[in-house]
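Counting begins at 1 with the first residue of the sequence. Bear in mind the structure is a predicted one, so any value in this text is a computation, not a measurement.
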Amino acid sequence: MTTTHNDFIAEALHCAGLDLNSSTYEVVSSNRSFGGVHCRIKHVAKTTHCDMIIGVYLPPSVLTDDNSKAPALYWLSGLTCTDQNFLQKAGAIQKASELGLVLICPDTSPRGENVANDDGYDLGQGAGFYLDATQEPWAKNYHMYSYVTEELIEICQEILPISNKRSISGHSMGGHGALTVALKNPEKYQSVSAFSPLCNPSNVPWGQKAFNNYLGDNKLDWEKYDATQLLENALERLPLLIDQGKDDEFLQEHLSTEVFAQACNQHNHPATIRMQTGYDHSYFFIASFIDEHLEHHAKALNLL
């Protein structure tokens with residue numbers, strides 16, 4: 001009997017412990033890739049009070065029936081993105097397959113008809129900024145910080161074949177999220193990296209718009225989600241890698257890479273910050289250096 005694509009996917013997900021007919025989550029799509037499986041998992045999130053979708057890549061090393069587990073890299077995407085952008089555009093899957101690294105990509109915000117939104121691309125759905133909103137109309141749903149640091153980890157530990165070792169990375173708004181999440185929760189992650197992150201959002205237009213709407217006008221509340229501000233009292237020094245394109249159209253107005261580098265020096269926070277000549281803000285940039293980021297995390301996760 002010939003094994004079909006769907007047969008393989010079903011068997012692989014079954015071996016990985018994923019039930020296609022679970023009442024608590026749903027595998028809404030799946031694809032075979034580099035010997036492993038990419039899938040999108042939908043669940044009702046308690047923190048954001050809406051359906052959330054998680055993009056996942058499971059390498060072939062965990063698609064067996066011997067209870068194999070692997071460490072995971074959590075990737076936080078940027079403005080306007082969903083769970084799909086990184087897994088489709090970054091070229092990360094081949095290297096993750098070789099390393100035996102699970103990739104986990106949450107959405108960038110809560111979504112749905114009953115979720116507050118805005119006409120601008122930099123606020124509302126697609127622009128959660130990985131914080132816990134306190135202001136209306138955002139306070140009910142926009143709790144992406146708690147979702148990423150608590151609920152996402154809990155559900156992934158429950159349903160995926162992953163170990164308790166994890167790292168975190170992201171791009172742009174997601175780079176901001178990765179830096180702040182890691183600085184505030186170093187015990188949960190082995191390493192952190194970022195592409196083109198918003199390093200000092202309290203002092204740039206994107207961050208000021210988001211923080212004022214989500215958190216109100218008390219700038220002390222903003223500092224809790226500002227990587228540059230968090231460096232001073234960071235409890236641990238996780239291995240940190242940042243790549244920033246010198247030709248990034250958002251570099252001067254929004255990203256504050258030099259400010260963050262100066263703060264790292266001031267507070268003796270070890271960081272490798274690479275300014276890449278000729279590169280912009282796009283996924284072409286990410287794809288050019290993603291293997292080095294995956295290796296950065298693989299070393300911290302004892303895969304290399």
Evaluate S256 against V204 for side chain to side chain contact (heavy atoms under 4.5 Å, CB included), listing each step before the verdict. CA-CA 8 Å; S256 306; V204 300; 3.4 Å; yes
Just jot down the ring pair (Phe, Tyr, Trp, His ring centres under 6.0 Å) partners of F211, sequence neighbours excluded, or say none. W222
Between T48 (side chain only) and N141 (backbone N and O only), is there a donor and an acceptor less than 3.5 Å apart? no
For S61, all residues meeting side chain to side chain donor-acceptor pair (under 3.5 Å), sequence neighbours excluded: none
With W138 via ring pair (Phe, Tyr, Trp, His ring centres under 6.0 Å) - residues at least two apart: Y142, Y214
Which pairs, with at least one residue in residues 178-187 and sequence neighbours excluded, count as a side-chain hydrogen bond (donor to acceptor under 3.5 Å, both in side chains)? Y145-N185
Summary of side-chain hydrogen bond (donor to acceptor under 3.5 Å, both in side chains) pairs that have at least one residue in residues 264-278, sequence neighbours excluded: R237-H269, D243-R274, D243-Q276, R274-E292
Are Y57 and F34 near enough that their ring centres are under 6.0 Å apart? no
The test is ring pair (Phe, Tyr, Trp, His ring centres under 6.0 Å); show your working for F129 and W206 and say whether it passes. CA-CA 10 Å; F129 273 84; W206 275 346; 7.8 Å; no
Using the side chain to side chain donor-acceptor pair (under 3.5 Å) criterion, which residues pair with D107? Sequence neighbours excluded. R111
Ring pair (Phe, Tyr, Trp, His ring centres under 6.0 Å) filter on F86, not counting sequence neighbours, yields W75
Evaluation steps, ring pair (Phe, Tyr, Trp, His ring centres under 6.0 Å), between F289 and Y279: CA-CA 11 Å; F289 298 99; Y279 288 92; 5.0 Å; yes
According to ring pair (Phe, Tyr, Trp, His ring centres under 6.0 Å), who are the partners of H171, at least two apart in sequence or on a separate chain? H281, Y283
Check: S193 main-chain N/O paired with S169 side-chain donor or acceptor under 3.5 Å: yes
With a 3.5 Å distance limit and no angle check, can you tell me whether Q125 reaches the backbone of N117 through a side-chain donor-acceptor pair? no
Checking T80 now: which residues fulfil side chain to side chain donor-acceptor pair (under 3.5 Å) with it, not counting sequence neighbours? none
Mind running side chain to side chain contact (heavy atoms under 4.5 Å, CB included) on E249 and D280 for me, showing each step along the way? CA-CA 7 Å; E249 61 269 39; D280 57 20; 3.9 Å; yes
Tightest non-hydrogen contact, residues L131 and L215, listed as CD2-CD1, 4.2 Å
Quick check on the hydrophobic clustering: are L101 and I153 connected, directly or via other members, by side-chain heavy-atom contacts under 4.5 Å? no
Check: H296 side chain, V192 main-chain N or O, donor-acceptor pair, under 3.5 Å: yes
Please evaluate residues L183 and N233 with respect to the criterion side chain to side chain contact (heavy atoms under 4.5 Å, CB included), reporting the C-alpha separation (whole Å), side-chain torsions for both, the decisive distance (0.1 Å), and the verdict. CA-CA 9 Å; L183 286 167; N233 296 312; over 6 Å; no
In terms of hydrophobic clusters joined by side-chain contacts under 4.5 Å, are L241 and Y74 together? no
Under the side chain to side chain donor-acceptor pair (under 3.5 Å) rule, collect the residues that match up with D83, sequence neighbours excluded. R40
Parallel, tilted or perpendicular: which one describes the rings of H293 and F195, with boundaries at 30° and 60°? parallel
Tell me, with the steps shown, if T82 and T108 meet side chain to side chain contact (heavy atoms under 4.5 Å, CB included). CA-CA 6 Å; T82 69; T108 51; 5.7 Å; no
Measure the spacing between CG of L58 and CD1 of I162 and express it to the nearest 0.5 Å. 9.5 Å
Residues pairing under side-chain hydrogen bond (donor to acceptor under 3.5 Å, both in side chains) where one sits in residues 95-105, two or more places apart or in two chains, turn out to be K95-E295
Indicate yes or no for a side-chain donor-acceptor contact from H143 to the backbone of A139 under 3.5 Å, with no hydrogens or angles considered. yes
Taking only residues at least two apart or on different chains, which pairs with a member in residues 150-164 satisfy side-chain hydrogen bond (donor to acceptor under 3.5 Å, both in side chains)? T47-E151, Q157-R166
